[in-house]
Amino acid sequence: MSRYTKKDILELVEEEDVEFIRLQFTDLFGNMKNLAITSGHLKKALDNQVMFDGSSIEGFVRVDESDLYLYPDYNTFTMFPWRPQHGKVARLICDVYRPDGACYEGDPRYLLKKVISEAAGDGYTFHVGPECEFFLYHLDDNGLPTDITHEQAGYFDMGPLDFGENARRDMVMTLEEMGFEIEASHHENAPAQHEIDFRYDEALATADNIMTFKMAVKTIAKRHGLHGTFMPKPKSGVDGSGMHINMSLSKGGVNLFQDAHDPNGLSQEAYYFLGGIFRHIKAMTLILNPLVNSYKRLVPGYEAPAFIAWSARNRTPLVRIPATRGEDTRIELRSPDPSCNPYLALALCLAAGLDGIRRRIKPPASLDKDMNLLSAEERKNHGVENLPGNLKEAVEEFEKDPLMREILGEEVCQKYAQAKLREWEVYNAQISEWELQNYLLRI
């Protein structure tokens with residue numbers, strides 16, 4: 001059901017003295033982009049008449065097909081609470097279209113909507129709840145980000161140990177003003193690391209909310225003289241930041257993953273969905289963990305999964321089944337990090353799960369052990385495989401899986417894989433501080 005009509009938005013903009021409207025969309029690699037218009041051009045935008053140069057957006061179209069159009073989603077209209085009260089600023093999240101009125105097939109939001117539509121054809125609704133972690137670091141004298149923090153707070157600590165408590169509180173209040181339902185917020189394990197959790201919702205709304213959340217966190221952090229970063233592993237020796245994805249399917253308003261008669265409380269559909277995730281997880285990792293830095297987080301001993309296993313009783317495997325049952329039954333995928341493109345990530349999670357249901361793919365047996373305490377031989381005996389160990393390995397797995405091309409399209413897959421291989425090659429050509437410290441003096 002639509003929350004806003006064109007008439008509603010035009011009236012709100014006039015009543016609330018909104019002067020600027022940002023037309024936002026997300027590029028292939030998860031970066032938010034926007035085009036700002038004045039209120040005088042809003043009607044034109046609402047009529048889908050705003051054009052932009054798609055060839056200037058990395059991963060989009062070539063120069064000879066550069067004209068693309070922004071189609072605002074009326075339900076995403078919201079005002080930015082941190083902007084002036086006079087001449088306010090609002091935003092609309094947009095879908096990207098070609099001049100002939102066809103959806104642009106490389107628009108990440110369109111790719112998610114396409115999979116959601118396929119699921120709806122089978123009667124399924126995909127619900128998702130993310131757990132978004134981030135760090136708050138100091139800025140230098142030029143206003144540029146550092147990796148410096150003077151706090152030593154840990155999990156669930158509070159002020160005065162938690163130096164970021166006030167900033168986090170303002171983030172929560174700002175997000176609530178923007179329509180978020182915040183369920184919890186707290187300090188995480190590492191110094192300067194935080195988490196804010198918002199309400200479980202349908203997949204498209206959740207992906208939109210993740211992009212809005214990241215923008216709000218960074219904006220409010222800067223107002224506190226801090227830098228909010230979603231870099232997966234900004235410091236060695238401490239936990240990195242994840243974005244665990246909690247997932248369930250419903251049909252007719254009923255959670256399909258629940259079964260009170262099963263020892264784990266899971267239905268057959270839930271097991272098949274899990275089987276699909278496991279069948280495709282190596283290929284999906286390129287999208288779920290898209291940076292060179294992502295793989296510095298996915299190592300044993302730092303609260304992040306490195307091994308492909310699941311459990312209903314242990315937090316260390318790739319997937320865990322949280323203790324809540326009944327209508328709250330869900331699957332928690334623990335490998336994704338917040339640098340990922342949420343539209344592509346959720347599209348692949350849903351597609352993999354649906355593939356599991358359609359093909360009746362059974363997951364491996366659960367492994368209710370601390371994965372970090374098992375030897376390599378013990379893991380091998382249990383049939384436990386590793387996630388890709390670096391970005392290059394992830395690209396190789398991605399290119400081997402036909403489901404990736406089926407869901408994302410040949411062109412998107414090619415552009416994404418090529419960009420990530422270039423990133424890997426550039427990284428490999430760099431001389432790190434570790435190399436200098438270990439080799440320069442003694443070799």
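Counting heavy atoms from C-beta on, the side chains of Tyr97 and Leu68 never come closer than 4.5 Å. Within the 4.5 Å cutoff, the side chain of Met158 has no heavy atoms near those of the His187 side chain. A 4.5 Å side-chain heavy-atom check between Trp310 and Ile277 finds every atom pair outside the cut-off. A heavy-atom distance below 4.5 Å is not found between the side chains of Asp73 and Leu92. Between Glu423 and Leu291, the closest side-chain pair of non-hydrogen atoms falls below 4.5 Å. Contact check for Tyr271 versus Asp262: side-chain heavy atoms found under the 4.5 Å cut-off. Here the side chains of Met178 and Thr212 are in contact, with some heavy-atom distance below 4.5 Å.
Donor-acceptor pairing under 3.5 Å is lacking for the side chains of Arg334 and Thr316. Between the side chains of Thr174 and Glu177, no donor N or O sits under 3.5 Å from an acceptor N or O. Defined by atom type and a distance below 3.5 Å, a donor-acceptor pair is missing between the side-chain atoms of Asp328 and Tyr200. Residues Asn75 and Arg3 bring no donor and acceptor atom of their side chains to less than 3.5 Å of each other. Side-chain contact check for Ser311 and Asp368: at least one donor-acceptor pair (N or O, by modelled atom type) lies under 3.5 Å. Side-chain atoms of His127 and Asp201 include no donor-acceptor pair closer than 3.5 Å. A donor-acceptor contact closer than 3.5 angstrom links the side chains of Arg330 and Thr324. Side chain to side chain, Tyr343 and Asp208 meet the donor-acceptor criterion of an N or O pair below 3.5 Å. One side chain, Thr5 or Asp8, offers a donor N or O that lies under 3.5 Å from an acceptor on the other. Inspection of the His194 and Glu188 side chains reveals no N or O donor paired with an N or O acceptor under 3.5 Å. Side-chain N/O atoms of Ser241 and Gln193 include a donor and acceptor closer than 3.5 Å.
With respect to Glu399 and Arg405, no salt bridge is recorded, no charged nitrogen being found less than 4.0 Å from a carboxylate O. Salt bridge Arg109/Asp95: present, at least one basic N to carboxylate O contact under 4.0 Å. Between Glu303 and Arg315 there is no salt bridge, since no side-chain N of the basic residue sits under 4.0 Å from a carboxylate O of the acidic one. Taking a cutoff of 4.0 Å between a charged side-chain nitrogen and a carboxylate oxygen, Glu396 and Lys392 qualify as a salt bridge.
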Begin with the C-alpha distance, continue with both residues' side-chain angles, and end with the deciding distance and a verdict on side-chain contact (heavy atoms from CB on, under 4.5 Å) for Val412 and Leu28.
CA-CA 8 Å; Val412 165; Leu28 188 58; 3.6 Å; yes
Step-by-step side-chain contact (heavy atoms from CB on, under 4.5 Å) determination, Ile287 to Phe398:
CA-CA 9 Å; Ile287 302 296; Phe398 180 81; 4.0 Å; yes
So Glu58 and Lys415, salt bridge (Lys or Arg N to Asp or Glu O under 4.0 Å) or not? Walk me through it.
CA-CA 9 Å; Glu58 187 182 5; Lys415 288 177 178 177; over 6 Å; no
Run the numbers on Leu112 and Leu344 for side-chain contact (heavy atoms from CB on, under 4.5 Å), then give the verdict.
CA-CA 6 Å; Leu112 174 57; Leu344 300 184; over 6 Å; no
Candidate pair Asp162 and Arg168, rule salt bridge (Lys or Arg N to Asp or Glu O under 4.0 Å), full reasoning:
CA-CA 10 Å; Asp162 177 3; Arg168 195 174 69 241; 2.7 Å; yes
Kindly determine whether Asp122 and Arg358 satisfy salt bridge (Lys or Arg N to Asp or Glu O under 4.0 Å), including the steps that lead there.
CA-CA 10 Å; Asp122 293 332; Arg358 290 164 182 162; 2.9 Å; yes
Between Lys222 and Lys218, does a side-chain contact (heavy atoms from CB on, under 4.5 Å) hold up when you go through it step by step?
CA-CA 6 Å; Lys222 195 162 188 179; Lys218 286 177 169 290; over 6 Å; no
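For the pair Trp424 (side chain) and Asn390 (backbone), a donor-acceptor distance under 3.5 Å is absent. Distance alone, capped at 3.5 Å, is enough to place a donor-acceptor pair between the Tyr295 side chain and the Asn289 backbone. Asp259 places no side-chain N or O within donor-acceptor distance of the main-chain N or O of Ser267, the cut-off being under 3.5 Å. At distances below 3.5 Å, not a single donor-acceptor pair connects side-chain atoms of Glu397 with backbone N or O atoms of Glu393. A donor-acceptor pair under 3.5 Å is formed between the side chain of Asn246 and the backbone N or O of Gly129. At least one donor-acceptor pair closer than 3.5 Å links the side chain of Arg91 to the backbone N or O of Thr76. Remark: side-chain polar atoms of Glu176 are not paired, donor with acceptor, to backbone N or O of Met173 under 3.5 angstrom. Although no hydrogens or angles enter the test, the distance criterion places a donor-acceptor pair under 3.5 Å between the side chain of Asn209 and the main chain of Ala205. Distance alone, capped at 3.5 Å, places no donor-acceptor pair between the Asn264 side chain and the Leu266 backbone. Judged by distance alone, with hydrogens and angles left aside, the side-chain atoms of Arg223 form a donor-acceptor pair with the main-chain N or O of Trp82 at under 3.5 Å.
Partner of His280 under the side chain to side chain contact (heavy atoms under 4.5 Å, CB included) criterion, chosen from Thr285, Leu348, Asp401: Asp401.
Phe273 has its ring centre less than 6.0 Å from the ring centre of Phe257.
No more than 12 heavy atoms of other residues, nucleotides or ligands sit less than 6.0 Å from atom CD of Glu377. Atom NZ of Lys369 is surrounded by 12 or fewer heavy atoms from other residues, nucleotides or ligands within 6.0 Å. Lys6 NZ: more than 12 foreign heavy atoms inside a 6.0 Å radius.
With Tyr416 as the aromatic partner, Lys420 meets the cation-pi criteria of under 6.0 angstrom to the ring centre and within 45 degrees of the ring axis. A cation-pi contact, defined as under 6.0 Å to the ring centre and within 45° of the axis, is absent between Arg199 and Phe180. In this structure, Lys233 satisfies the cation-pi test against Tyr302, with its NZ or CZ atom closer than 6.0 Å to the six-membered ring centre and inside 45 degrees of the ring normal. A cation-pi contact, defined as under 6.0 Å to the ring centre and within 45° of the axis, links Lys214 to Phe230.
Leu286 CG to Cys413 SG: the interatomic distance, rounded to the nearest 0.5 Å, is 9.0 Å. Within the model, atoms CD of Glu165 and CG of Leu136 stand 12.0 Å from one another, a figure rounded to the nearest 0.5 Å. The CG atom of Asn189 sits 10.0 Å away from the CZ atom of Phe156 when rounded to the nearest 0.5 Å. Distance check: Tyr124 OH to Ser250 OG gives 11.0 Å after rounding to the nearest 0.5 Å.
Residues passing the salt bridge (charged side-chain N to carboxylate O under 4.0 Å, His left out) test with Glu195, sequence neighbours excluded: none.
The two residues Leu249 and Asn255 come nearest to each other via the heavy atoms O-OD1, 3.4 Å. Here the closest heavy-atom approach between residue Thr329 and residue Gln258 is recorded as OG1-CB, 3.7 Å.
Between His138 and His150, the ring planes are tilted. Angles from 30° to 60° get that label. Using a 30° and 60° split on the angle between ring planes, Phe60 and Phe52 fall in the tilted class, from 30° to 60°.
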